[in-house]
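This report refers to the structure that appears directly beneath it.
All residue numbers refer to positions in the sequence shown, counting from 1.
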Amino acid sequence: MEHAERKNEPGGDDGPTGEATPGGTPNATPGGTPGATPNAVPGGTPGGTPNATPNGTSAAARRARPWVKPLVIFLLLAIPAGYLYISAMQSRKGSTTKREEAVSKGLEEGWPSKVQRRIYGMTVPAYATDVAHYETNSWRTSSLYLQFTTNRKKLDKWLKQVGTNRAALQDGRITIDADEAAVVGWKFGSGHHWKGTVREQDKPKPNFQITANMDNPDRPRVFVISTVTP
């Protein structure tokens, strides 16, 4: 009797300790619970996206890549070339427009700016009259046109400042050609006493074309073009 009662005690030695009750959840298998999603394989889930490369790019993207490099090279060459072409055309058009305006409106009265005088290596004699100037720029050269009337002494001083002297002025020599003169409407006709000289210097220093009307030696009228080439 004592032995039978011991079997019925809770937690007895003969009870199936730890067994799942009928209808409980089946034991988990190494691959997961029955009916669960199959374990992921290294190449991705069945029927999923094609294998990705280590950098995340698909095989289709790799196949499409060969045309990208030529396109980039083409753009790197075409964009700068197009910019240079447009800039050259704009510079050419702007230069032509400025020339037309100079002929129609004439030179700008007054002294060139300090910046212009420094760039083109020119100044204007003190108390000079009839002072006017005009600047033209292109992708090759830039020029400053200047005219003024002064006296004999101040002309000598001005010639020295630009690196020449009165002795260099040659009788009958006009150093500014017809095309250059036409830019600002200058005319160097016959029947006048002209003297001229050219002062050439190494780049980037400016070159000077100087022509003077000496009809009145005490009041010479000077026409000069200073040109700089980068």
Side-chain angles (χ1 to χ4, degrees), residues 91-230:
S91 176
R92 181 178 178 181
K93 182 178 179 180
S95 179
T96 302
T97 302
K98 289 186 72 175
R99 287 191 183 124
E100 292 173 352
E101 290 177 353
V103 173
S104 62
K105 297 181 180 180
L107 295 162
E108 181 180 348
E109 294 184 4
W111 285 42
S113 68
K114 290 182 179 180
V115 173
Q116 289 174 319
R117 298 200 301 271
R118 183 174 68 250
I119 292 173
Y120 295 99
M122 287 199 301
T123 186
V124 181
Y127 305 106
T129 59
D130 302 320
V131 180
H133 69 279
Y134 170 73
E135 182 181 16
T136 179
N137 306 102
S138 71
W139 63 280
R140 287 184 178 179
T141 61
S142 297
S143 298
L144 179 66
Y145 291 67
L146 176 66
Q147 69 177 44
F148 59 84
T149 300
T150 187
N151 58 37
R152 185 190 297 266
K153 183 177 180 180
K154 290 178 180 177
L155 174 60
D156 290 340
K157 183 178 179 180
W158 180 85
L159 289 170
K160 184 178 180 180
Q161 288 175 340
V162 297
T164 187
N165 52 60
R166 184 183 288 270
L169 296 175
Q170 300 176 19
D171 283 332
R173 186 180 183 189
I174 299 173
T175 59
I176 300 171
D177 64 36
D179 289 338
E180 292 172 322
V183 171
V184 291
W186 286 343
K187 295 181 180 179
F188 303 108
S190 59
H192 298 279
H193 184 191
W194 299 106
K195 284 189 174 186
T197 188
V198 173
R199 165 72 167 149
E200 294 183 347
Q201 304 182 94
D202 294 333
K203 297 178 183 178
K205 294 181 179 180
N207 296 326
F208 302 103
Q209 299 162 253
I210 302 168
T211 298
N213 183 325
M214 304 298 290
D215 290 349
N216 182 353
D218 293 328
R219 295 292 295 171
R221 185 169 176 78
V222 179
F223 304 86
V224 56
I225 300 175
S226 174
T227 301
V228 294
T229 304

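- Counting only heavy atoms from C-beta outward, the side chains of E108 and E135 never approach each other to under 4.5 Å.
- Note: H133 NE2 to L146 CG = 8.5 Å, rounded to the nearest 0.5 Å.
- Annotation: the span from E180 atom CD to T136 atom OG1 amounts to 11.0 Å, rounded to 0.5 Å.
- The CD atom of E109 sits 9.5 Å away from the CD atom of Q147 when rounded to the nearest 0.5 Å.
- Across T175 and I210, no two heavy atoms sit closer than the pair OG1-O, 2.9 Å.
- Closest of all the heavy-atom pairs between D215 and H192 is OD2-ND1, 2.7 Å.
- Side-chain atoms of H193 and N216 include no donor-acceptor pair closer than 3.5 Å.
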For this session: Verify side-chain contact (heavy atoms from CB on, under 4.5 Å) between R173 and V198, making sure each step is shown before the conclusion.
Result: CA-CA 10 Å; R173 186 180 183 189; V198 173; 3.6 Å; yes

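- Expressed to the nearest 0.5 Å, how far CG of L155 lies from CZ of R166 amounts to 5.0 Å.
- Heavy-atom minimum distance, T164 versus A168: OG1-CB, 3.2 Å.
- Of all heavy-atom pairs between Q201 and F208, the closest is NE2-CE1, 3.5 Å.
- When all heavy atoms are compared, the tightest approach of I176 to T211 is N-OG1, 3.8 Å.
- In this structure the side chain of F148 never reaches within 4.5 angstrom of the side chain of D130, judged on heavy atoms.
- At least one side-chain heavy atom of M122 sits less than 4.5 Å from a side-chain heavy atom of V224.
- Under the 4.5 Å side-chain criterion, counting only non-hydrogen atoms from C-beta, I119 is not in contact with L144.
- Although no hydrogens or angles enter the test, the distance criterion places a donor-acceptor pair under 3.5 Å between the side chain of W158 and the main chain of T123.
- No side-chain heavy atom of N213 sits under 4.5 Å from any side-chain heavy atom of F188.
- Using a 4.5 Å heavy-atom threshold, the side chains of F223 and V184 count as separate.
- T227 and S143 share a donor-acceptor pair across their side chains, judged by distance under 3.5 Å alone.
- Atom CG of L159 is separated from atom CG of L169 by 5.5 Å, given to the nearest 0.5 angstrom.
- Heavy-atom minimum distance, P125 versus K154: CB-CB, 4.1 Å.
- When each of T150, N151, T149, T129 is paired with R219, the side-chain hydrogen bond (donor to acceptor under 3.5 Å, both in side chains) condition holds for T129 and for no other.
- Remark: side-chain polar atoms of R117 are not paired, donor with acceptor, to backbone N or O of V124 under 3.5 angstrom.
- Without hydrogens or angle criteria, S226 side chain to Y120 main chain gives a donor-acceptor distance under 3.5 Å.
- A distance of 5.5 Å separates OG1 in T229 from NZ in K203, rounded to the nearest 0.5 Å.
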